[in-house]
Amino acid sequence: MGYTIAEKLIKSHLVSGEMIKGTEIGLRIDQTLTQDATGTMAYLQFEAMGIERVKTELSVAYIDHNTLQNGFENADDHRFIQTVAKKRGIRFSRPGNGICHQVHLERFGKPGKTLLGSDSHTPTGGGIGMLAMGAGGLDVAVAMGGGTYYITMPETVKVNLIGRLSPWVAAKDVILKVLQILSVKGGVGKIIEYAGEGVSTLSVPERATITNMGAELGATTSVFPSDEVTREFLRAQGREDDWTELKADDDAVYDRVIEINLSELKPLAAMPHMPDNVKSVDEIGSIAIDQVCIGSCTNSSLLDMMKVAYILKGKKVAPNVSLSIAPGSKQVLTMLAENGALADMIDAGARILESACGPCIGMGQSPNSKGISLRTFNRNFEGRSGTADAGIYLVSPEVAAVSAVKGVLTNPAEALGDMPEFKLPEKFLINDNMVELPASPEESDSVKVIYGPNIKSVPLGKALTDSVSAKVMLKVGDNITTDHIMPAGAKILPYRSNVPYLSQFCFKQCDGDFAENCKKMGGGIIVGGQNYGQGSSREHAALVPLYLGIKAVIAKSFARLHKANLINSGIIPLTFKNPDDYDKIEKFDDVTLKDIKSAIENDGEIILVNETKGEEYALDGGFSERQKNMLIFGGLLNYTGANK
Ligand code: MIC
Ligand code: SF4
């Protein structure tokens with residue numbers, strides 16, 4: 001039996017376990033990346049491990065999220081990351097150099113390699129044939145130290161692409177279509193692999209848009225073959241030597257096959273407030289809009305920007321619209337400046353932002369009250385834009401640009417007529433002067449790591465007690481995102497290295513009193529619905545509840561990344577055996593996880609006793625030996641400390 005691409009990548013990096021679906025496997029990690037919003041934690045944890053120098057082939061620390069410096073905090077964090085990077089053998093991508101995933105694709109990604117990033121959109125690297133996965137900062141710190149990364153051996157879904165995209169229909173529409181078919185939880189436990197004759201019609205940046213937003217499916221990752229198109233892209237980046245071919249065997253077996261005819265796709269949009277709430281632009285109709293934001297790690301490549309500039313050239317942004325554009329990297333921005341496209345954007349009235357995440361993570365450009373904003377981003381969760389009652393639509397750059405000019409949601413295929421051929425350059429402009437190299441091992445002793453006053457210590461879990469008695473502090477519904485658990489945005493992100501301060505914002509949108517109640521009552525447990533913890537990799541969504549005394553989360557199901565972060569922190573993630581029991585529990589019920597320690601240790605029955613209602617519910621754990629140890633010792637740091 002032949003192998004899928006995903007299986008080949010796993011096989012060549014397997015260090016523990018067997019490739020049996022649903023069981024835990026350990027992978028060797030070749031490259032890591034961090035960004036600044038999760039990076040401070042990752043490096044604090046790396047420092048706590050006492051490892052002199054990273055052991056990966058390549059590790060890069062990017063600064064792209066917290067670039068608004070309206071106080072000392074972000075600048076201090078950047079300095080901290082810069083000094084750790086210099087000392088520990090990590091390249092440092094300075095603020096201004098661009099969004100981690102865009103820059104990594106351009107300058108560092110290599111087909112056939114594994115990449116672990118402390119950001120959920122790390123699968124962008126799948127566009128160039130990497131096994132690229134998002135993880136919590138602690139897992140990335142372990143991988144930087146040469147440690148194994150563990151996942152559940154995934155199933156593989158093949159997305160067979162046939163035909164070719166029609167003019168003004170984009171890669172974004174492909175992934176929106178996949179989201180419409182599979183939903184935000186359809187990818188959990190799966191790798192999405194793209195195949196078929198349509199693959200060769202898509203450039204690497206287009207493929208990367210698709211794998212990037214595979215994160216919204218909850219997938220472990222997504223991957224494209226590495227073919228002649230990949231080779232051409234690497235050649236244009238002056239890195240042809242990094243190319244290797246990667247394709248599935250003819251007799252590879254997939255768990256599910258989906259077919260998408262690219263020729264039949266129409267411009268689509270994800271409507272508020274979920275990335276899988278997808279309809280065609282025509283179905284939604286020409287609704288009035290207030291804002292358009294173009295950029296983010298999903299859609300900020302040179303190709304995207306050239307299309308936007310073409311649409312804007314000689315036009316004016318409609319008076320009712322504010323248009324912002326953030327090119328994804330210094331390479332993209334410089335090339336736009338040199339070829340005149342930037343002038344076309346500025347002339348049309350676009351507000352040019354620095355090459356960073358910006359509005360995607362709520363760092364500025366929050367829409368007006370009840371504002372309708374079209375964004376080329378990947379997430380439209382309620383409140384993420386910084387305006388609680390805004391409605392965010394996720395669209396392609398083509399839809400975004402033409403709508404900005406028209407002032408209403410517009411189908412570019414109808415409004416624009418013929419499309420010229422947009423081609424990637426034969427040679428990108430290469431200048432890595434904003435990537436600082438680390439000190440040599442001999443020099444690194446003299447590099448001092450600078451900690452600012454905003455950096456507080458990482459909360460640690462406690463060893464598990466025989467039974468856990470607690471109150472239900474919160475009950476939430478399905479698809480709770482990590483943005484609900486630990487919101488981001490310009491006002492909160494500067495405190496990512498200050499968990500005590502952050503804690504006041506935990507679950508703010510779901511229950512304004514949650515943090516206060518936890519502080520008064522000493523914490524407790526959380527009850528959740530399906531797909532609890534979807535979205536980002538931020539381990540703060542586990543560390544902050546840990547700080548507030550949360551001991552377990554009982555849900556109908558969990559998102560992969562968040563579940564791993566909970567276990568790393570020593571918070572027990574459990575699922576209902578009978579999902580109807582979810583309805584029987586209420587906020588502030590007194591509950592006990594009876595003999596939980598021995599149940600976890602011995603794979604025994606896990607029972608939740610609801611003392612208030614006089615009922616018992618059966619729960620599932622399903623932990624690997626490694627996970628059991630982490631839960632018993634109170635988290636990964638305690639466990640590795642105990643085993644030193
Ligand atoms: C996001 O898009 O939500 C982020 C900000 O990039 C996160 C990381 C974070 O929370 O810092 C992600 O996707 O992992
Ligand atoms: Fe940055 Fe947005 Fe991409 Fe997250 S999704 S890495 S915030 S651009």
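For ligands, and for the atoms within them, numbers begin at 1 and follow the listed sequence.
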Start with the C-alpha gap between Asp30 and Arg28, add the side-chain angles, then the distance that decides, and say whether salt bridge (Lys or Arg N to Asp or Glu O under 4.0 Å) holds.
-> CA-CA 7 Å; Asp30 302 321; Arg28 189 183 67 251; 3.8 Å; yes
Evaluation steps, salt bridge (Lys or Arg N to Asp or Glu O under 4.0 Å), between Arg88 and Glu47 | CA-CA 9 Å; Arg88 303 294 176 203; Glu47 289 300 279; 2.8 Å; yes
Could you check Glu436 against Arg91 for salt bridge (Lys or Arg N to Asp or Glu O under 4.0 Å), going step by step and ending with a plain yes or no?
-> CA-CA 6 Å; Glu436 277 183 36; Arg91 290 181 205 214; over 6 Å; no
Stepwise salt bridge (Lys or Arg N to Asp or Glu O under 4.0 Å) check, Arg538 with Asp483 | CA-CA 9 Å; Arg538 61 189 73 152; Asp483 277 88; 3.4 Å; yes
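Considering backbone and side-chain N/O atoms, Ser120 comes within less than 3.5 Å of an N/O atom of ligand 1. At least one N or O atom of Asp119, backbone or side chain, sits closer than 3.5 Å to an N or O atom of ligand 1.
Per-residue contacts place Ser537 under 4.0 angstrom from the following atoms of ligand 1 (heavy atoms of the residue considered): 12 (C), 14 (O). Less than 4.0 angstrom separates some heavy atom of Asn378 from each of these atoms of ligand 2: 5 (S). Atoms of ligand 1 found under 4.0 Å from any heavy atom of Ala37 (numbered from 1 in listed order, with element): 11 (O). Numbered from 1 in the order shown, with element, the atoms of ligand 2 that lie under 4.0 Å from a heavy atom of His101 read 6 (S). Close approach of ligand 2 to Ile361 is summarised as follows: ligand atoms under 4.0 Å from at least one heavy atom of the residue are 7 (S). If you number the atoms of ligand 1 from 1 as listed, the ones under 4.0 Å from a heavy atom of Arg379 come out as 1 (C), 2 (O), 3 (O), 12 (C), 13 (O).
Using cut-offs of 30° and 60° on the angle between ring planes, the pair Phe224 and Tyr194 is parallel. Classified by interplanar angle (parallel below 30°, tilted 30° to 60°, perpendicular above 60°), the ring pair His104/Tyr62 is perpendicular.
Distances from atom 8 (C) of ligand 1 to the heavy atoms of His121, Gln35, Arg538 put Gln35 nearest. For atom 2 (O) of ligand 1, the nearest non-hydrogen atom from the set Arg384, Met363, His65 comes from Arg384.
The backbone N or O of Thr376 sits less than 3.5 Å from a side-chain atom of Lys172, completing a donor-acceptor pair. Ser373 places no side-chain N or O within donor-acceptor distance of the main-chain N or O of Val292, the cut-off being under 3.5 Å. Of the possible polar contacts, one joining the Asp478 side chain to the Gln530 backbone as a donor-acceptor pair under 3.5 Å is found.
Of the candidates His65, Gln69, Arg496, Asn74 forms a side chain to side chain contact (heavy atoms under 4.5 Å, CB included) with just one, namely Gln69. Checked options Lys113, Met133, His13; the residue passing with Ile29 is Met133 (criterion: side chain to side chain contact (heavy atoms under 4.5 Å, CB included)).
Considering only non-hydrogen protein atoms, atom 1 (Fe) of ligand 2 sits nearest to Cys357 SG, 2.3 Å. Looking only at protein heavy atoms, the nearest one to atom 4 (Fe) of ligand 2 is His65 NE2, 3.7 Å. Regarding atom 9 (C) of ligand 1, its nearest protein heavy-atom neighbour is Arg496 NH1, 3.5 Å. Ranking the protein heavy atoms by distance from atom 7 (C) of ligand 1 puts Ser536 CB, 3.3 Å first. Given atom 8 (S) of ligand 2, the protein heavy atom at minimum distance is Cys297 N, 3.3 Å. Nearest protein neighbour of atom 2 (Fe) of ligand 2, counting heavy atoms only, is Cys360 SG, 2.3 Å.
Not a single N/O/S atom of His121, whether from backbone or side chain, sits less than 2.8 Å from atom 3 (Fe) of ligand 2.
Under 4.0 angstrom from ligand 2, there are no non-hydrogen atoms of Asn212.
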